[in-house]
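The structure appears right after this line, and notes come after that.
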Amino acid sequence: MASPAKRVRTKSPTPAPETPAAARESTPAPALIPAASRESTPAPATPAVARESTPVPATRAVARGCTPAPATPAAETNAPLPGSHWAEQGLPEEEEDDADSTLGSDVESSTASIGSSILRYRTMNGRTYHSDSITDSEYWGPNDDKQNELLDIFHHAMTILLDGRLYDAPLPKKMENAIDLGTGTGLWAIDFADAFPNCNVIGTDISPIQPSWVPPNIRFEIDDYNKEWTYKPDFFDFIHVRWLSGTVKDWLAFYKDAYRCCKPGGYIEHMDTHGTIQSDDGSIDETVHALGQWGPIWHEAGRRIGQVLIPAAMMESAMKEAGFVNIVVKDYKVPISPWSKDKKMNDVGLYFYAVMNQDLDGVLQFMFGKVMGWTTEEIGIYIRHLKKEMKDMSIHGYFVFRKVYGQKPVDA
């Protein structure tokens, strides 16, 4: 998910922490190339020393500074309400001051020189989506500036949530090769390349929306991880995956490809959402609130297209089945608005509120419209109800983001 790195301004009284990239001297990145045209990735000159380890049972940990999140979301017992339900409800009554429903930003764009076929984006109701020349998958997110700003804000929200940590796996100080799958705007990959200047970092995406001024040890490639992986076996010291909900056709096949390309002793780390918006105090009612319908609608859309759109519940088991060991699971509560009295979580909620409000139309247009069959009017009314509920600080909604990391056995 991805665009040029941008400076993001919000109304927050607490700015997002600066990422390491802010202070670096940048080097122009090579032009993006489709993965199919690249030469095979060279094998490392010398393999990293594998640390001895003994497989242990999967471990669950509660994210530091967070209230323990439920191991699994509330059961989806009811079918989602149809789009016509929201049309019948009509537009919600708006507060007089609706100024905080949008997020301002200064945008500086930078483009890379690439083949014209990659730029032939699909269009839907005036929004651009990923090129059919790169992927035959049905990806729900646009790839224009509005969506890319959402991805940048999301990176800042995760930076606050994780106290600036880019990863939790016990990585060695010296690594040779790392990859960020579905890199989006590339901010995580750029920060990781800064943190490990002697490691070769690759960021892949199906759209060329990354910046051109980046650290010298990183390159971006146009690639679809649903197709055959062309990387050499036993190559990567670290494989990073974050927020790929709704983009992977077969999660077990995905993890098996990652296992094959991961170096013995290397790690994979995946962070994704359960998809359901929950509350601990009953302030969200699935039968009444638009927020309560969010998860059921996405789960039903996944059922209709035959995919697991929301992978969090099966990440651990699929990673085990692929062959990874020493698996650790951590759950993080992510407020959808700044309702928390805890300062850090209030800041996280503020930025995630910005994420949610940045591009609801672009996020919902494909899955709710094309898959669920909602009309543009129905989607628009549902969005108005969502925004009204997110502005209500008596509604204490949150997502659960699950992080799972595991290691390829040293003797694999």
Side-chain angles (χ1 to χ4, degrees), residues 1 5-24 59-71 150-173 175 178 180 183-197 199 201 215 238-244 267-274 278 280 312 315 326-356 396-406:
M1 307 179 148
K6 309 175 184 72
R7 296 178 181 273
V8 180
R9 291 188 295 111
T10 74
K11 293 188 175 183
S12 167
T14 307
E18 287 194 10
T19 59
R24 66 170 178 271
T59 303
R60 296 188 181 278
V62 176
R64 182 164 59 85
C66 301
T67 304
L150 178 155
L151 298 175
D152 285 352
I153 301 168
F154 174 79
H155 177 68
H156 283 283
M158 294 298 102
T159 298
I160 299 172
L161 177 69
L162 301 174
D163 299 313
R165 301 190 313 278
L166 295 172
Y167 57 90
D168 282 342
L171 302 181
K173 293 182 178 180
M175 294 185 292
D180 182 31
T183 193
T185 49
L187 294 188
W188 182 93
I190 290 170
D191 288 351
F192 188 84
D194 274 333
F196 292 89
C199 178
V201 180
F238 185 46
I239 297 174
H240 179 259
V241 183
R242 187 173 73 181
W243 202 18
L244 297 191
Y267 285 88
I268 182 174
E269 183 169 296
H270 183 181
M271 187 172 188
D272 233 305
T273 175
H274 277 291
Q278 307 175 54
D280 293 333
M315 286 157 51
N326 299 328
I327 295 175
V328 175
V329 178
K330 296 182 179 181
D331 284 337
Y332 295 85
K333 281 186 177 181
V334 177
I336 61 169
S337 62
W339 54 261
S340 176
K341 295 181 179 180
D342 177 84
K343 185 179 187 309
K344 171 186 165 181
M345 299 312 292
N346 186 279
D347 289 345
V348 172
L350 181 66
Y351 276 85
F352 213 81
Y353 173 86
V355 170
M356 292 288 288
H396 302 151
Y398 64 87
F399 283 105
V400 173
F401 271 78
R402 171 163 290 184
K403 177 178 285 193
V404 182
Y405 66 78

- [ ] Indicate the atoms forming the closest heavy-atom contact of Ala189 with Val201, along with that distance.
- [x] O-CG1, 4.0 Å
Task: Distance (rounded to the nearest 0.5 Å) between Ile160 CD1 and His155 NE2 - done: 10.5 Å
Open item on the list: How long is the straight-line distance from CG of Asp191 back to CG of Leu187, given to the nearest 0.5 Å?
Closed with: 6.5 Å
Task: Donor-acceptor contact present, side-chain Trp188 to main-chain Leu166, <3.5 Å - done: yes
Open item on the list: Looking at Lys341, is its backbone amide N or carbonyl O close enough to the side chain of Asn346 to form a donor-acceptor pair, meaning the two atoms are under 3.5 Å apart?
Closed with: no
Task: Tyr405 ring center near Tyr167 ring center (under 6.0 Å) - done: no
TODO: Quick one: closest heavy-atom pair of Met158 and Arg242, and the distance?
DONE: CB-NH1, 3.6 Å
TODO: Check whether any side-chain N or O of Trp243 sits under 3.5 Å from a backbone N or O of Thr273 as a donor-acceptor pair, and report yes or no.
DONE: no
Open item on the list: Measuring only between side-chain heavy atoms, which start at C-beta, is Pro335 closer than 4.5 Å to Tyr353?
Closed with: no
Task: Student check: side-chain heavy atoms of Val334 and Val348 closer than 4.5 Å - done: yes
Task: Verdict with reasoning, Asp163 to Lys344, per side chain to side chain contact (heavy atoms under 4.5 Å, CB included) - done: CA-CA 9 Å; Asp163 299 313; Lys344 171 186 165 181; 3.2 Å; yes
Task: Minimum-distance pair of heavy atoms, taken over all atoms of Asp168 and Glu269 - done: N-OE1, 2.9 Å
Task: Which atom of Ala312 lies closest to which atom of Arg402, heavy atoms considered - done: O-CD, 3.5 Å
Open item on the list: Rounded to the nearest 0.5 Å, what separates atom CD1 in Ile327 from atom OH in Tyr267?
Closed with: 11.5 Å
Task: Pro172 to Phe196 - nearest heavy-atom pair and separation - done: O-CE2, 3.7 Å
Task: Value rounded to 0.5 Å, distance of CG in Asp331 from NZ in Lys403 - done: 12.0 Å
Open item on the list: Using every non-hydrogen atom in the two residues, find where Tyr351 and Ala157 come nearest and quote the distance to one decimal.
Closed with: CB-CB, 3.8 Å
TODO: Compare all side-chain heavy atoms of Met271 with those of Val404 and state whether any distance is below 4.5 angstrom.
DONE: no
Task: Phe352 ring center within less than 6.0 Å of Phe399 ring center - done: yes
Task: Spacing of Phe238 atom CZ and Leu171 atom CG [to the nearest 0.5 Å] - done: 5.0 Å
- [ ] Enter the distance from Tyr398:OH to Lys333:NZ here, rounded to the nearest 0.5 Å.
- [x] 4.0 Å
Open item on the list: Taking Leu244's backbone N and O only, do any of them form a donor-acceptor pair with Asp272's side chain (distance below 3.5 Å, no angle check)?
Closed with: yes
